[in-house]
Amino acid sequence: MTAIGPSAPPPQLVRSPLSDGEWHRLHPLTPLLRGGLFLIVIIGIVLANLRDRLVFVFLPWLGPDVQAEVGEWDGATGDPIDFIIANDLYVLAALGVLAALIILVAVFYTSWRFHTFRITEDDVEVRSGILFRTQRRAPLDRVQGVNLTRPMIARLLGMAKLEVVGAGMDANVKLEYLSTANAEAVRADILRLASGRRLGAGSSPADHRHAGRVASLGQTVGREITGMIEGPEAPVAELESVVNIPVGRLVASHVLSMSTVALLFAVVAIGIGVSQGVTWLLLGFVPAIIGFGAYWVRSIVRSLRYSIAPTPDGVRITFGLFTTITEIVPPGRVHAVEVTQPILWRPAGWWTVRINRLTGRSASDSATDQFTTVLPVGTAADVERVLGLLQPSLPGAERALIVREGMLGPGDEDTFTNTPRRAWWIRPLSYRRNGFRLTADVLLMRRGVVWRKLAILPLARLQSIGLYQGPLDRATRVAGVRAHVVTGPVSPFLAAVDRDSALALFGDVARGAVRAASADRTHRWAQDADGPPAGAGATVRGDGSPLAEESVPASGSAQLGEAPGGPAERVTGRDDA
C-alpha cells in the first residue's frame, strides 16, 4: 500500500508561476505594442511622402518625370532625398537608416529588460525606466478592482493589459503586456490574495520557452479573429451574464437622447441658414456634426458585447467589440449606485445604472466614465438583477420595493418621506417624487421627473452626511440633504426635505453608518476561517481601511433654523472622508 503524501491545496488556491514573489518580465512582444506601432506609423508616413522617389529608384521606367526633377537639385535649397539620389548615396543612406533602427530596437529591448514586476502576499510592485527609475506598489488590501484590457492588435497576438486599480488618484499599477493566459492567472491570484486567502505552493512552472512561439502565432491570430466575430471566450466556472442587451436596443438608446435632439435642431438651423445664403454655418458646424457622429459610433461599439456576471471575487463586467475590457469589481468597492431614466426612454421602459467607485485614474482621464457605467441600457427587470450583484446584502423584497417605489413611484402606498406640500414651489414639478427612504443597509434618494433618478447609498461606504439650509429654506422649514461619497457621476443631493425629518435622518444615518462600517468585512471578503477577520476590534472606513475607534462620532446632532447663521449650515455625521 503506497503512502499518501500531504494533501495538495485546492486548485483555486494554487498560485501561478508569476505570483511567486520573484521579479518577472513582461511579454517579449511588449516593445512592439508600446513603441513599435508608433515606429510603423512613422515609417508609413515617410514612405507615403517618398512614393515618387521610390518609383524612380525601383521602377524608373514608370516615372520619367521624376528623373528630371532630381537633376534640378540645388545644394542650397534642394531636398536631401534628391541629393542622395543624384549623388548615388544609397548605401550610405541605408546604413544610416539601419543604424537608427538598431538604436531604436536597442532602446525598446533595454526598456523591456528593465521593466519588471512581482506579486507578493501583500502587494504588487512594478519597476521601470532606464535612466530615471520608477517603482510603484499597490497594496493588495487596498485593491479596488482588476481590469483586463485587450486592444485589437494585442488580441490578435494573444496578449492583454492588466491594470490593478488602487485606492488613490493616479494610483493604478499597469502590467502591459502579458499573454492572455498569464494575465488571467495573475488577475485571479491578485483577487484571491486581496480577499484574504493565502495561496498554496505553485504548480509546475509554465513553459516560458521561446520554442514554438512563431509556429503558434498563426493559431493565436486565427483564434482571436474568430473570437471577434463569435464573441469572447467564456471564462471557466463562471456564470453567464445576467443581462443581455440587444444591438437594436443599444442603437435606439443612443438615437433617443437629448444630444440627438440637439443635433437635429442644429441640422435644421444649418439647412435654413444655407438656404438664406449664410454659408459660413455649413463650414462651421459640419466638422462638429462629423465629430458627434464619430463619438456616437464609438460609444455604440464600446458598449457592444456587454455582459455582467457574478464571480467568487466580485462582479465581472465585460464590454467592447474591437478592444475588449473585462473588469472585476470586488465586494464592497461600490460606494454609490444611481438608476437614471431620461424622458425619451420612458415609453420603452429603459434605464441606465452608474456607480461611484475608486478608479485609480486622474480626473482628466477620458476613459474613467466607461468604468462607472455598469448597465448602459436595460429594463426594470435588468436593473433589479444588476442591483442584486452590486448590493447582495439587500433582500429580494427590498430590491422589488426599490424598483416599484424608488424607480417607478410614487404609488398609492409610498414608503418614502417626500417634500412637504408647503414647499412645492421649490420643486414644482417633482415635489411629489422628491424624497428619501432609510433601511438598515442603504439610504435611498429619489428625485426628478424629466430625468428620473434614484441614488442607492450603502451605509458602510458613506463618508458623511450634511444638512444645508438657506433663508428661503428656513422660512419654509425645509432643508437640503447631501450624502458625501467618493467622487463619481452619482451626486446624492436632495432638496426641500422637511426640517424635522431631515434632523431625524441625520441622526439615524450617523448611527447606521457607524454600525454598518463596524460590521463590514467586505474589504477582506474571503478571510481565512482559522484567523480573525481583518481589522477585528476596530472600526473600518468605507473603503475598507482601518479607522481609529475614537475618530468616529457615536451620534450626530444638528440645529437648523434656530440660529441666524450664514445662508447654509453644514453638519457632518462622520469625519473620515
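Basis for what follows: all heavy atoms, side chains included, without hydrogens, waters or symmetry-related copies.
In this structure, the separation between CH2 on W451 and CG on L344 is 8.5 Å, given to the nearest 0.5 Å.
The environment of CH2 in W424 is sparse: at most 12 heavy-atom neighbours from other residues, nucleotides or ligands sit within 6.0 Å.
A salt bridge does not link E384 to R404: none of the charged nitrogens lies less than 4.0 Å from a carboxylate oxygen. Residues D123 and R136 are not paired through a salt bridge, judged by the lack of any N-O separation under 4.0 Å between the basic side chain and the carboxylate. Ion pairing of E405 with R433 is absent here, as no side-chain N (NZ or NE/NH1/NH2) approaches a carboxylate O to less than 4.0 Å. In summary, E125 and R118 engage in a salt bridge, as defined by a charged side-chain N under 4.0 Å from a carboxylate O. Here D414 does not pair with R432 in a salt bridge; the nearest charged N to carboxylate O distance is not below 4.0 Å. Looking at E240 and R316, no side-chain N of the basic residue comes within less than 4.0 Å of a carboxylate O on the acidic one, giving no salt bridge.
Across E327 and N147, no two heavy atoms sit closer than the pair CB-OD1, 2.8 Å.
Using modelled atom types, one finds a donor on one side chain and an acceptor on the other under 3.5 Å when comparing S128 with T134. Between the side chains of T323 and R150, no donor N or O sits under 3.5 Å from an acceptor N or O. Checking T417 against R437 by side-chain atom types alone, no donor-acceptor pair falls below 3.5 Å.
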